[in-house]
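Each remark here refers to the structure printed beneath this line.
When a ligand or atom number is given, it counts from 1 through the structure's own listing order. The residues of the chain are indexed from 1 along the displayed sequence. Predicted model, so just to flag it, every value in this text is computed and none were measured.
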Amino acid sequence: MCYNILYTNKRQGEHEIMKKFFIWLSFLLGITFITTLVAKPEQVLAAEKTYTIATDVTFPPFVYANADNKYVGIDMDLIKAVAKEEGFKVEIKPIGFNAAIQAVQAGQVDGMIAGMTITNERKKTFDFSTPYYSSGIVMAVKPGSGVTKLTDLKGKKVAIKTGTSGADYANSIKKKYGFKTVTFDDSDNMYDDVKTGNAAACFEDSAVLEYGVKTGLGLKIVTKPTNTGDYGFAVKKGANQELLAKFNHGLAALKKNGTYDKIIAKYTGKKALADKKNAASGHSEYTIMGLLKQNKTTLWHGVLETLWLTIVGIVFATIFGVIIGLLGVVPNKLAQGISTTVIYIFRGLPLIVLALFIYNGVPSLTGTKVPAFIAGVITLTLNEGAYIGAFVKGGIESVDHGQMEAARSLGLPFGKAMKKVVLPQGIKLMVPSFINQFIITLKDTSILSVIGILELTQTGKIIIARNLQGFRMWAIIAVIYLLMITILTLISKWIERRMKN
Ligand code: GLN
């Protein structure tokens, strides 16, 4: 008798916990859906002829972010002028050179303009516009390093940039000159490696390095340009032919009416070079406070995108994870098999591989674009959901088996026994794991910078690509992450306490 009363009281308490848990979950879900509709209407309504064009992040004077973190440069002005001329809109995706190549091939973007050299190899998978610039490849070193020619590279490390013709050239001569290569995704990281003395040299387009030398990059060119080639706007072979035709048509018009020459002069004329050099040497504003002030709007957008991604990711991962976890404990072999397999696959895959697979792999199979944000949410849902599934399953399994047996022997069917007796006790055990997983989700969003989502990490990369203040900027970004994690932890703890009361 006594045992029964105690048991009933405990059961009611746990029932309450479960009810509160689901109320909170529905609350989060509701908020998520409402904000999806309110905050992202432009994505829902994205209309007419807007082409998405991928580009590099650091490739001045062709593409770079200016002091307001807006993308400018010869390529940016050209594509915008062509769009105006031909009456279409462009949405620029600054994702980096190699990522842009993959995004075009996957059909995730309509085209790319990024100081891209037209090569025979690339013509197999891309269709190129008529050329708009030409450049060779040169070797650059740190001034005073004593490396002045190819033969000096013997036994040394050379920095290259993934997927570029400079990298191809370096790879083609590395045996002959006996050097090793280290690879970077962006030009500024490659330059940094040379400037810090880690790498003895780098190979890069002459048009870019000559500009860099004149504007205070701090590297020295030591070879004559070789492998000279033309730059072209590119689309995936056989796709977006109307866009390619418009580009060619527009470019011809810009060349004729003088706009093309104006754009080139705007970036490579004497005054442009002097201004850029002055801006580069104005280091006084590069204090932590100065950097924060200068980039506050951009950083704020990054923070919002990170939070948004985290919230949506957590909500969907929780739903997915709870379903997968429950499937793992129902007395049905098929359901258990599905649960185990899903957990095995998505917990086993590195997040970055999963993100690239969903963003670049799947669309090239299905032929439909997946917006980066959606691809990011799917990635988080599958990966974080698998972890949640595992501890939901584990949490339920760790509830004493006697509980289920007792409930069943009292005549409760499996579902009811699970819902009323086992789950409430299990959820209590899971709460700390949930909180932990939410924090991990927030941190994991930073990996999604690889698919070009403009969350905090990608925002940081872009700012640094412009001001080259890696140390200070990453410190700022680390502190912002810690702040966000602290707030998330406090909220989670608060919810945990409320659920306990
Ligand atoms: N022109 C070089 C290439 O096409 C480099 C381009 C770039 O780094 N944006 O490979």
Side-chain angles (χ1 to χ4, degrees), residues 53-65 71-79 92-105 109 111-140 158-174 181-194 199 201-213 217 219 221 223 225-237 247 264 267-268 452 461-462 464-466 468:
I53 308 293
T55 191
D56 208 342
V57 285
T58 23
F59 210 56
F62 300 96
V63 212
Y64 61 97
Y71 280 88
V72 294
I74 294 173
D75 286 12
M76 295 298 96
D77 282 17
L78 263 186
I79 188 79
I92 301 294
K93 299 259 176 207
I95 54 179
F97 187 71
N98 191 39
I101 286 194
Q102 293 184 45
V104 173
Q105 287 308 325
V109 295
M112 68 183 280
I113 185 159
M116 183 179 187
T117 311
I118 305 171
T119 65
N120 286 334
E121 190 58 31
R122 286 180 181 156
K123 276 189 192 157
K124 291 180 195 156
T125 46
F126 289 95
D127 285 325
F128 285 98
S129 69
T130 40
Y132 65 86
Y133 210 87
S134 81
S135 172
I137 292 162
V138 289
M139 166 177 152
V158 165
I160 55 177
K161 178 173 162 191
T162 324
T164 61
S165 39
D168 287 346
Y169 174 68
N171 282 323
S172 73
I173 59 167
K174 74 177 180 191
T181 51
V182 268
T183 326
F184 296 89
D185 272 344
D186 302 319
S187 291
D188 56 326
N189 294 332
M190 172 174 78
Y191 303 147
D192 270 351
D193 207 48
V194 180
C202 66
F203 288 92
E204 170 77 296
D205 291 14
S206 52
V208 170
L209 275 178
E210 278 158 14
Y211 175 86
V213 168
L217 176 65
L219 290 177
I221 298 172
T223 58
T226 169
N227 291 30
T228 299
D230 290 320
Y231 286 175
F233 166 76
V235 294
K236 184 181 178 180
K237 197 167 182 66
F247 187 92
I264 302 293
Y267 291 99
T268 59
K461 282 191 203 168
I462 289 173
I464 293 164
R466 171 175 58 74
L468 303 177

Self-check item: Whether T55 side chain and I113 backbone form a donor-acceptor pair below 3.5 Å
Solution: yes

Practice problem: Using atom types as modelled and distance alone, determine if a side-chain donor or acceptor of D75 lies under 3.5 Å from a backbone N or O of G115. | Solution: yes

Practice problem: Could you please provide the protein residues found below 4.0 Å of ligand 1 on a heavy-atom basis, arranged by chain and number? | Solution: D56, F59, F97, A114, G115, M116, T117, R122, K161, T164, S165, D205, Y231

Quiz item: What residues form a salt bridge (charged side-chain N to carboxylate O under 4.0 Å, His left out) with D186, not counting sequence neighbours?
Solution: none

Quiz item: Which pairs count as salt bridge (Lys or Arg N to Asp or Glu O under 4.0 Å) when at least one residue sits in residues 162-172, sequence neighbours excluded?
Solution: none

Exercise. In plain terms, say whether D185 and K461 are close enough for a salt bridge, that is, a side-chain N and a carboxylate O under 4.0 Å apart.
Key: no

Self-check item: By ring pair (Phe, Tyr, Trp, His ring centres under 6.0 Å) - contacts of F203 (at least two apart)
Solution: Y169

